[in-house]
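All values derive from a computational prediction rather than experimental measurement. Naming convention: chains lettered A, B, ... in sequence-line order (proteins, then strands); numbering from 1 in each chain.
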Number of protein chains: 2
Amino acid sequence: MNSNERRPTIEAVAARAGVGRGTVSRVINGSPKVSARAREAVEAAIQELGYVPNRAARSLVTSRTDAIALVIPEPESRLLAEPYFADIIRGVSAELSANAGAVDLQLLLILVRTEEERKRLTNFLTARRVDGVLLAAVHDRDPLPDLMEKLDMPTVLGGRRSDRERLSHVQPDNAGGAEAATTHLLERGRRHIATITGPREMEASRSRLRGYQRALAAYGTAVDDASPLVAEADFTEEGGRAAMAELLARQPGLDAVFAASDVMAAGALAALRAAGRRVPEDVAVVGFDDSMIARHTTPPLSSVRQPIEEMGREMVRLLLDEIEERGRSHRRVVLATELVARESS
Amino acid sequence: MNSNERRPTIEAVAARAGVGRGTVSRVINGSPKVSARAREAVEAAIQELGYVPNRAARSLVTSRTDAIALVIPEPESRLLAEPYFADIIRGVSAELSANAGAVDLQLLLILVRTEEERKRLTNFLTARRVDGVLLAAVHDRDPLPDLMEKLDMPTVLGGRRSDRERLSHVQPDNAGGAEAATTHLLERGRRHIATITGPREMEASRSRLRGYQRALAAYGTAVDDASPLVAEADFTEEGGRAAMAELLARQPGLDAVFAASDVMAAGALAALRAAGRRVPEDVAVVGFDDSMIARHTTPPLSSVRQPIEEMGREMVRLLLDEIEERGRSHRRVVLATELVARESS
DNA sequence: CGAGATAGTGGGAGCGCTCCCATACGGCAG
DNA sequence: CTGCCGTATGGGAGCGCTCCCACTATCTCG
């Protein structure tokens, strides 16, 4: 077991089992064309020798890598320092090992921060060092999805760039969640409901805004994108604070806010406190994500829960399908969200 | 660039550059024994052909994988759903790409939940599918570190099993941080200071308890492990709540608590609120980690910050050293912590 | 001016595996 | 008994790379 000793090869197993290389290979790869006797002999030999196949050698001839990459663009990974990130990973990892059959896929984690790193990633993908790619949190202007298409490499996106997205993707029901949150506020008797959106160049932000608008429209109130009730922020706490302050300045009479993320909602809470507004008495607040901080704000934050871990799992399922049977039409999956009401509304 | 076209090999580059295979290989691997003329020709050919070396082939002959694994035992990954997890990864990834030279190491992420997965990991490591391993958050009874020793594989631990740890490891100054927190409470005039520890089978928990005791000893108060001022919890919010309730029952006169994690401190805050104690007027609270939730509790939590991202970076540095020059003595690194005072103390 | 060192180079061997073709071995129908 | 088919099997070829040895060209020094 020492690193100096050479590990046993398939040849050694064959010799020990008294069969040929081909037969051992067949046993390892679960081919049916092996007699019971041979199979047992081989399995015993593998056991005795502690044989483990050399992946590099296999990879060289099959040109499969038995690995997939989870790519996370850095601006996101900061925003998503909350459980989002960890939950996606947990879901991906769980589903990957649930599907582990003869060969189990390894998970490569790639954070992309700098231009330099992006170039390296491009190289890496061009070299086909993985069998497929999971792309978390795509931006509209992200060049990576296009690269994946050009390389014709199995890919699944977390989120999408627009509703015409051609690549397979998985996303929460952003519009539905936002609509539910806004409807909830309406049902509580609020009538002057503002919203803090995420960056408009993200489809998720736009969808959530759309849901908010849809709920209001159903109550007979049309709110366009340029309405003074709509403020854009960048998914950060500070951004949420600033947006809330601006909303209060523009619309002193507002009695509720739907923020497109919990972090921004936390910022909004701070701004409301600074302005002397009570939550929820004066202004009700609902966030999005149902992240850990939602339970720790004062008051605890009502929020739209998205099934993040399940998104990770689903992404893996789609990717495995795509790796298995190439050329299939791409698929899109939308997962339901759920409003969790707490004391802020 | 289509996946059907065969990618160019080193042979193709050699032909195009009008040199031999060996020379191309030398250029790629940065060998100095290449004439400038040859080097230029090869680089041009690589450029023109879009050549990217096949890692599997290289790996097969060098028996290096150019990958390292970051292994996270699952019970942890749940506890560490806070930024901890994400920060470690960010640090690891950053340092890895900072060190990317001719070959850049890939990062494999492996979560270990079940026995099944542990077995698979053992197989994986035995097969030497990675050049080194980063083991986050080790338990005293974790069998993995022993396996790594037996396999003689480069390994760096996040944390350690005891102060006699033989493997390289990186950890925050747990005792120092705890001591600073406790001293801080003493300086604020508190005299009946309790502590909520993590599970005692973790060295980090023990170290923090030690730091707490040391600070009190310096003020002339001896507090042994079985003192009614010491309660053990499991790093969860609920555990913190229960421990705080118990402490209040045992020592109604306490005027401060040092909790060995922010999450437990958050639980303690809830228990104190339930018991009608004001924070910080009646009871001051200090946590550990300075995680995101510390800034969102009511009141905001004083906490001991540990440089988590830096820990990740340092782990990679140690690991790269160990991979480079095998057989070197192992190293240990302790990173300083810093008390961040907020309104809870 | 010859011997020996030095720098660059080409290409054979071989890493451990899968693929696939040739072969062996048993039936079983004619 | 011969011919034929289906099922298992052994092992050659070759995946793309690095290692290393043999070789050439150039330089250095007594």
Side-chain angles (χ1 to χ4, degrees), chain A residues 3-43 45-46 49-67 102-103 123 126-129 131, chain B residues 3-43 45-46 49-67 102-103 123 126-129 131:
Chain A
S3 67
N4 296 335
E5 300 169 22
R6 184 164 240 88
R7 285 173 40 217
T9 71
I10 201 173
E11 201 91 38
V13 175
R16 174 129 196 168
V19 300
R21 242 175 30 252
T23 301
V24 177
S25 178
R26 263 163 242 137
V27 170
I28 293 171
N29 294 294
S31 157
K33 333 188 110 210
V34 183
S35 68
R37 225 166 64 82
R39 167 164 286 116
E40 279 158 29
V42 169
E43 274 161 0
I46 288 178
L49 265 44
Y51 169 76
V52 191
N54 179 321
R55 277 310 227 292
R58 171 182 291 167
S59 194
L60 180 56
V61 36
T62 59
S63 65
R64 282 193 46 151
T65 62
D66 293 328
V103 286
N123 243 316
T126 307
R128 308 212 146 249
R129 296 266 318 273
D131 294 339
Chain B
S3 66
N4 296 335
E5 299 169 23
R6 185 164 240 87
R7 286 173 38 217
T9 70
I10 200 172
E11 202 91 38
V13 175
R16 174 125 195 171
V19 301
R21 244 176 28 252
T23 300
V24 176
S25 177
R26 261 163 245 139
V27 170
I28 293 170
N29 295 292
S31 156
K33 333 188 108 207
V34 183
S35 67
R37 224 165 65 81
R39 165 164 288 116
E40 278 159 31
V42 168
E43 274 161 0
I46 288 179
L49 264 43
Y51 169 76
V52 192
N54 179 322
R55 271 322 220 289
R58 170 183 292 170
S59 194
L60 181 55
V61 36
T62 59
S63 65
R64 283 191 49 149
T65 62
D66 292 329
V103 285
N123 243 318
T126 307
R128 308 209 146 251
R129 298 267 317 274
D131 295 339

Whichever of A:Glu11 and A:Arg26 has its nearest DNA chain C nucleotide further upstream toward 5': A:Glu11
Nearest-0.5 Å distance that lies between atom CD1 in B:Ile28 and atom OG1 in B:Thr23: 11.0 Å
Bend angle of the helix from C:dC1-D:dG30 to C:dG30-D:dC1, end axes from five pairs each (to 10°): 50°
B:Leu60 or A:Gly18, whichever maps to the more 5' nucleotide of DNA chain D: A:Gly18
Gap between atom CZ of A:Arg26 and atom CZ of A:Arg21 - 0.5 Å precision: 10.5 Å
Gap between atoms CD1 and P, on A:Ile10 and D:dG10 respectively (whole Å): 12 Å
Set of side-chain contact (heavy atoms from CB on, under 4.5 Å) partners for B:Ala15, sequence neighbours left out: none
Contact residues, residues 33-43 of chain B to DNA chain C [heavy atom, < 4.0 Å]: B:Lys33, B:Val34, B:Ser35, B:Ala38
DNA chain C: 5'-most and 3'-most nucleotides touching chain B, 4.0 angstrom heavy-atom criterion: C:dG8 to C:dG16
From A:Asn54 atom CG to B:Ser59 atom OG, the distance as rounded to the nearest 0.5 Å: 7.0 Å
Separation between CD1 of B:Ile10 and CG of B:Leu49, rounded to the nearest 0.5 Å: 12.0 Å
Closest contact, heavy atoms only, B:Val34 versus B:Ser31: CG2-O, 3.8 Å
Shortest non-hydrogen contact from B:Asp66 toward B:Asp131: N-OD2, 2.8 Å
Interatomic distance where CZ belongs to A:Arg21 and C1' belongs to D:dG11 [whole Å]: 6 Å
Under the side-chain contact (heavy atoms from CB on, under 4.5 Å) test, residues paired with A:Arg129 that sit two or more places apart: A:Phe124, A:Ala127, B:Arg55, B:Gln106
Least distance between heavy atoms, A:Ala17 atom then A:Ala45 atom: CB-CB, 3.9 Å
Those residues that, when tested against B:Ser25, pass side-chain hydrogen bond (donor to acceptor under 3.5 Å, both in side chains) (two or more places apart): B:Asn29
